[in-house]
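Here the structure comes first, spelled out in structure tokens, and everything after it is commentary.
We count ligands from 1, going down the list as the structure has it; atoms in each ligand are counted the same way. In this chain, numbering begins with 1 at the start of the sequence shown. Values reported hereafter were calculated over all heavy atoms of this structure, with side chains retained and with hydrogens, waters and symmetry mates removed. Since this is a predicted model, take the numbers as computed values, not measurements.
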Amino acid sequence: MTIGVLALQGAFIEHENALSRLETESFEIRKKSDLNRPMDGLILPGGESTVMGKLLKDLKLFDPLKEMLEGGLPVLGTCAGLILLASHLADSDTVHFGTLPVTVRRNAYGRQLGSFYTENYFEGIGMVPMKFIRAPYIEAAGSSTQILAVVDNRITAVRYKNQLGISFHPELTDNLMIHRYFLNMTGLLNNM
Ligand code: GLN
């Protein structure tokens, strides 16, 4: 049982560390042949979505990953990863995977120059620490998309079928609850 972590750019090592603290194996996805390895779930980390989107295409990772997402592979997208999953970006025609029915606004959210820390309720977990870094937020969610967290009247976490999209960085705090929640979605953990 293992989780693939997209490792082109951004905060991927922190996700790998969180998984290893949960005694879950992971491997890095950097090139197309890495996708030959079976995975039970995928993490799309924070970073720069424009750069990641371009690298995904250049490295021919985009089409096979999109197919896996459409086929139901459980995915956790954090921050830029959420942007990669979104079906719409506000004020932009850009769409990356487009598998998560939400409209996401980039770089639009934050109390202090776009970065801040708070603790907030997360549906199904309770209070969790949330670190926002030049974070996007979810401006609108499809009717069958479950809203899991709202901070300052902005949607910051959603679930739709196999996809968990989060505008903050659970991998940058010590709290492992969101990674546990995701592993539960993959069926790797039977209890939280
Ligand atoms: N603003 C970044 C983007 O548009 C996301 C920020 C982050 O991942 N911390 O890709």
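- Annotation for Asn36: atom CG counts as buried by contact number, over 12 foreign heavy atoms lying within 6.0 Å.
- Linking ILVMFWY residues whenever their side-chain heavy atoms come closer than 4.5 Å, directly or via other members, leaves Val128 and Tyr121 in distinct clusters.
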Donor-acceptor contacts, no H, no angles, side chain residues 64-76, under 3.5 Å, sequence neighbours left out:
unit_1: Lys66; atom_1: NZ; unit_2: Glu70; atom_2: OE2; d: 3.3
unit_1: Lys66; atom_1: NZ; unit_2: Phe97; atom_2: O; d: 2.8

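- The heavy-atom pair separating His15 from His179 by the smallest distance is ND1-NE2, 2.9 Å.
- Residues Met130 and Val151 are in side-chain contact: their nearest non-hydrogen atoms beyond the backbone lie under 4.5 Å apart.
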Per-pair distances, ligand 1 N/O vs protein N/O, less than 3.5 Å:
unit_1: ligand 1; atom_1: 1 (N); unit_2: Asn107; atom_2: OD1; d: 2.3
unit_1: ligand 1; atom_1: 1 (N); unit_2: Arg134; atom_2: O; d: 3.2
unit_1: ligand 1; atom_1: 4 (O); unit_2: Ser49; atom_2: OG; d: 3.3
unit_1: ligand 1; atom_1: 4 (O); unit_2: Arg106; atom_2: NE; d: 2.6
unit_1: ligand 1; atom_1: 4 (O); unit_2: Arg106; atom_2: NH2; d: 2.8
unit_1: ligand 1; atom_1: 8 (O); unit_2: Gly47; atom_2: N; d: 2.9
unit_1: ligand 1; atom_1: 8 (O); unit_2: Gly47; atom_2: O; d: 3.1
unit_1: ligand 1; atom_1: 8 (O); unit_2: Ala80; atom_2: N; d: 3.1
unit_1: ligand 1; atom_1: 9 (N); unit_2: Ile133; atom_2: O; d: 3.0
unit_1: ligand 1; atom_1: 9 (N); unit_2: His169; atom_2: NE2; d: 3.0
unit_1: ligand 1; atom_1: 10 (O); unit_2: Ser49; atom_2: N; d: 2.5
unit_1: ligand 1; atom_1: 10 (O); unit_2: Ser49; atom_2: OG; d: 2.9

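- A salt bridge is absent between Glu14 and Arg21; no separation between the charged side-chain nitrogens and carboxylate oxygens falls under 4.0 Å.
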